[in-house]
Amino acid sequence: GKPVVLNYGGWQRELLESAGAGLGGPIGDDRAFFANLAALKTDPARRHQMAQNARRLALERFDRTALAAQALELIEQVLYKA
């Protein structure tokens, strides 16, 4: 349940920003990174909302039990198709 600030782009940034769970910036752009940190520091309501969104995202997309079940299913498919 913590907002995430990234100093790079890609799928992780897209996922966090689309879920309202964090902020990202161009890789190596220290000014953008620190501006994102400052934006969250000075806006407790936004920070709180992002924390809630981050928690929801973690539970919905990265639940260990669900991911383990998916991995097991994939392994079983590979093993039993041979």
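We're numbering straight along the sequence, starting at 1.
Here the CE-CG distance, from Met50 to Leu23, works out to 3.5 Å after rounding to the nearest 0.5 Å.
Of all non-hydrogen atoms in Asp63 and Ala66, the two that sit nearest each other are OD2-N, 2.9 Å. Residues Ala51 and Gly1 come closest through the heavy atom pair CB-O, 3.0 Å.
Applying the side chain to side chain contact (heavy atoms under 4.5 Å, CB included) criterion to Ile27, with sequence neighbours excluded, gives Tyr8.
Connection of Trp11 to Leu16 is established within a shared hydrophobic cluster, with ILVMFWY side chains joined at heavy-atom distances below 4.5 Å, either directly or through further cluster members. Clustering ILVMFWY residues whenever any of their side-chain heavy atoms sit less than 4.5 angstrom apart, transitively, puts Leu6 in the very cluster that holds Phe62.
The list of salt bridge (charged side-chain N to carboxylate O under 4.0 Å, His left out) pairs with a residue in residues 10-26, not counting sequence neighbours, reads Arg13-Glu17. Listed by first and then second residue, the side-chain hydrogen bond (donor to acceptor under 3.5 Å, both in side chains) pairs involving residues 36-51 are His48-Gln52, Gln49-Asn53 (not counting sequence neighbours).
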Requested in this report: List the steps, then state whether side chain to side chain contact (heavy atoms under 4.5 Å, CB included) holds for Asp29 with Asn7.
Outcome: CA-CA 7 Å; Asp29 187 339; Asn7 64 346; over 6 Å; no
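Side-chain contact check for Leu57 versus Leu15: some heavy-atom pair is nearer than 4.5 Å.
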